[in-house]
J.: 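Right, I'll just put the structure down here and ask away after.
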Amino acid sequence: MNDPSSFYDNTDTASEGQVNTIPIPVEIVSEEEMAFIEAALASTRPLLSSTPSFSSSSLSSSPARLALVSALPSVLSPLRKPTGSLHSAACSRPLPVPPDIEDSAGPAPPKSLLHQFRSRRGLTVTDITATEWCEKQMEFVLLHGKPKRTEAMKAGSDRHTQLEKEVVEKVEVPIKSVEDSWALKFMNFIVGANQLMFEGLTRELPVIGVVEGVWMIGVIDEIRTPINEATLHPILVDTKTRYKATRPSEAQKRNARLQLMCYKYLWDNLVADTFPTDHFFNHFNLNPLYILSGDVKEYIVSLGFSAKTLEDVFTYFRDTCCLLSPSQGQLLLRRQILPLASLPSSRYELQSDHSLLEEYHFSYDAVWFKIQIQECLKFWLGERDANYVSQAERWKCQFCAFTAKCPLIATSNKRAE
DNA sequence: ATTGCTGAAAGG
């Protein structure tokens with residue numbers, strides 16, 4: 001009963017009373033974070049040094065943007081149910097289940113991977129890039145689970161965390177429903193967009209939209225507004241870290257270009273202010289009139305807004321979108337070398353010596369982007385089987401955890417016959 | 001069946 005693991009046990013009814021008894025340490029700002037903020041205030045932050053001064057003092061009192069992080073939403077962890085059922089009975093409001101989902105006895109044709117694995121959440125930009133890297137690997141990940149993270153991935157994540165902390169202060173907010181979690185996501189967009197407009201830079205900005213008929217979500221690594229230039233159009237940036245000072249392969253660059261083009265597409269669609277709100281609520285099965293939890297409302301107030309329902313948040317969201325400009329056609333990829341001895345223990349001490357390997361500008365290509373997405377979607381929609389990597393990119397298999405299971409490797413090994 | 005959990009992205 002006092003076992004902390006029972007927090008995630010949804011076999012019992014997840015009543016609201018139970019949720020309320022969870023001892024969540026709600027800290028607006030920890031001492032550590034406060035020290036960081038004060039240090040940030042005292043020191044010059046190069047990326048923000050061009051911040052214009054404002055008559056309003058509210059901005060200077062909060063140098064870092066608040067990002068709201070969902071914390072321990074018991075209704076959102078239905079997958080822990082031991083039955084393996086996708087839709088736990090403990091879920092307060094079960095999502096609509098297609099009528100044929102119980103006909104698992106019959107040899108019904110397999111549903112598309114999109115339907116099986118992403119119908120509730122939509123595709124992520126990461127799904128797109130992973131698919132472009134290798135569809136077969138993507139398929140293995142979906143069917144067999146993700147392989148272990150590599151050290152390079154951990155180091156990359158850490159570097160991104162560092163970059164984010166330069167401009168964003170994270171706050172944990174307890175949530176009780178999916179509506180709460182979407183409200184936080186949209187508030188994070190609103191606050192990030194405001195930070196972009198007033199300070200010229202924001203990081204880790206969540207975006208969402210429909211691409212080729214499919215809902216897609218992502219998090220833009222970085223957006224800057226060139227303050228001193230004539231254009232108001234922000235530029236989208238992504239930082240890639242590397243262990244070795246070798247030049248990235250063409251496949252890696254192509255993959256990163258696709259990623260940034262996804263972000264541009266989503267951003268530009270948001271600022272076009274044509275967001276299909278009703279479609280959104282329907283697709284994700286959300287109640288716009290849902291009353292946000294007290295904690296969520298409280299934090300929204302702390303950001304200077306006032307909202308009772310998810311719909312209220314959407315009003316602010318749409319108002320914000322109207323104020324934004326489409327992004328530049330030029331996208332920016334930054335490559336950064338990590339120190340060789342980047343041991344796990346020293347990963348957090350990289351602040352000095354971020355030698356930049358290269359800054360790589362390239363142009364958005366709407367036609368190429370559309371073709372890439374359509375190819376990816378053929379895989380996701382089950383219109384064709386997963387493709388293997390081309391002969392020229394067979395080297396990717398060296399980095400793949402699924403080679404033992406992969407028919408491509410098996411056939412090439414016994415091609416002797 | 002990874003990471004700090006629901007999540008998105010992390011590098012190759």
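Here the structure is a predicted model, which is why all the values come from computation and not from measurement. Protein chains get the first letters and strands the later ones, always in sequence-line order, with residue 1 at the start of each.
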J.: Which one, B/dG7, B/dA10, B/dA9, comes nearest to the side chain of A/D238?
T.: B/dA10
J.: Given that A/T150 and A/I217 both sit by DNA chain B, which one's nearest nucleotide is further toward the 5' end?
T.: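 It is A/I217, whose closest nucleotide lies nearer the 5' terminus.
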J.: Report which part of the nucleic acid A/T129 touches: base, sugar-phosphate, or nothing (heavy-atom distance under 4.0 Å, all strands).
T.: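 No contact.
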J.: Any donor and acceptor pair, going by atom type alone, linking the side chain of A/N282 with main-chain N or O of A/H279 inside 3.5 Å?
T.: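 Answer holds: no.
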J.: Counting distance alone, no hydrogens or angles: does the base of B/dG12 have a donor or acceptor under 3.5 Å from a partner atom on the side chain of A/Q137?
T.: yes
J.: Base, sugar-phosphate alone, or nothing: which one does A/Y263 contact when heavy atoms must sit under 4.0 Å apart?
T.: sugar-phosphate
J.: It should be established whether A/T241 places a side-chain nitrogen or oxygen under 4.0 Å from OP1 or OP2 of nucleotide B/dG11.
T.: yes
J.: Starting the side chain at C-beta, find the nucleotide from B/dA8, B/dG11, B/dC5 nearest to A/R121.
T.: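 That would be B/dA8.
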J.: So, OP1 or OP2 of B/dA8: does either fall under 4.0 Å of a side-chain N or O from A/K185?
T.: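 True: A/K185 side-chain N/O within range (under 4.0 Å) of B/dA8 OP1/OP2.
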J.: Hey, does the side chain of A/E179 reach the backbone of A/N287 with a donor-acceptor pair shorter than 3.5 angstrom?
T.: yes
J.: May I ask you to decide if A/T241's main-chain N or O and A/H160's side chain share a donor-acceptor pair within less than 3.5 Å?
T.: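 Looks like no, no N/O pair under 3.5 Å.
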J.: Looking only at side-chain N and O atoms, does A/H160 come under 4.0 Å of OP1 or OP2 in B/dA10?
T.: yes
J.: For A/E164, report the nucleic acid contact type (base, sugar-phosphate, nothing); a contact means any heavy atom under 4.0 Å.
T.: nothing
J.: Find the distance A/E393:CD to B/dG12:C1' and express it as a whole number of Å.
T.: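 These atoms are roughly 11 Å apart.
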J.: Under 4.0 Å between a side-chain N/O of A/R149 and OP1 or OP2 of B/dG11, yes or no?
T.: no
J.: Just call it for A/T124: base, sugar-phosphate, or nothing, with non-hydrogen atoms closer than 4.0 Å on any strand.
T.: sugar-phosphate
J.: For atom CG of A/D385, decide whether the heavy atoms of other residues, nucleotides or ligands shown that lie under 6.0 angstrom number more than 12.
T.: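 Counting neighbours around CG of A/D385, 12 or fewer heavy atoms of other residues, nucleotides or ligands fall under 6.0 Å, so no.
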J.: Between atom CZ in A/R335 and atom C1' in B/dG11, what is the gap in whole Å?
T.: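 That distance rounds to 9 Å.
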J.: Starting at CD of A/Q252 and ending at P of B/dG12, how long is that distance when rounded to a whole Å?
T.: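 Taking atom P of B/dG12 as the reference, CD of A/Q252 is at 5 Å.
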J.: In whole angstrom, what separates A/L266's CG from B/dA8's P?
T.: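 Computing the A/L266:CG to B/dA8:P distance gives 12 Å.
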J.: Please tell me which of the listed nucleotides, B/dG12, B/dC5, B/dA9, lies nearest to the side chain of A/F399?
T.: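 Among B/dG12, B/dC5, B/dA9, the one nearest the side chain of A/F399 is B/dG12.
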J.: So, is A/S157 close to the B/dA10 phosphate, meaning a side-chain N or O under 4.0 Å from OP1 or OP2?
T.: no
J.: Would you mind classifying the nucleic acid contact of A/K396 as base, sugar-phosphate or nothing, using non-hydrogen atoms under 4.0 angstrom?
T.: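 No contact at all - A/K396 keeps every heavy atom at 4.0 Å or more from the nucleic acid.
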J.: So, is A/K154 near the phosphate of B/dG11, with a side-chain N or O under 4.0 Å from OP1 or OP2?
T.: no
J.: Taking atom C1' in both B/dT6 and B/dG11, what distance in whole Å separates the two?
T.: 24 Å
J.: If you measure from the P atom in B/dG7 to the same atom in B/dG12, how many Å do you get, rounded?
T.: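 B/dG7 and B/dG12 have their P atoms separated by 26 Å.
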J.: Quick one: label A/W133 by what it contacts on the DNA or RNA (base, sugar-phosphate, nothing), any heavy atom closer than 4.0 Å.
T.: base
J.: For A/R159 and B/dA10, give me the distance from atom CZ to atom C1', rounded to whole Å.
T.: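 Rounded to the whole Å, the gap is 14 Å.
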J.: Parallel under 30°, tilted from 30 to 60°, perpendicular over 60°: which one fits the rings of A/F280 and A/F314?
T.: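 If you compare the ring of A/F280 with that of A/F314, the planes turn out tilted.
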J.: Between B/dC5 atom C1' and A/L184 atom CG, what is the distance in whole Å?
T.: 16 Å
J.: What do the steps show when you test A/D268 against A/K264 for salt bridge (charged side-chain N to carboxylate O under 4.0 Å, His left out), and what is the final call?
T.: CA-CA 6 Å; A/D268 289 352; A/K264 175 172 167 57; 2.5 Å; yes
J.: Classify the nucleic acid contact of A/V141 as base, sugar-phosphate or nothing, counting any heavy atom under 4.0 Å across all strands shown.
T.: nothing
J.: If you assign each of A/L142 and A/D221 to its closest nucleotide in DNA chain B, which residue comes earlier from the 5' end?
T.: A/L142
J.: Quick one: label A/Q259 by what it contacts on the DNA or RNA (base, sugar-phosphate, nothing), any heavy atom closer than 4.0 Å.
T.: sugar-phosphate
J.: In Watson-Crick or G-U wobble terms, both distances under 3.5 Å, what is the partner of B/dG11?
T.: none
J.: Base, sugar-phosphate, or nothing: which does A/D180 touch, judged by heavy atoms less than 4.0 Å apart?
T.: nothing
J.: Could you give the CZ-to-P distance, from A/F140 to B/dG12, as a whole number of Å?
T.: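 Computing the A/F140:CZ to B/dG12:P distance gives 22 Å.
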J.: Return yes if a side-chain donor-acceptor contact under 3.5 Å exists between A/N194 and A/T320, otherwise no.
T.: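 No, no side-chain donor-acceptor pair sits under 3.5 Å.
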J.: Rounded to whole angstrom units, what separation is found between the CZ atom of A/R203 and the P atom of B/dA10?
T.: 13 Å
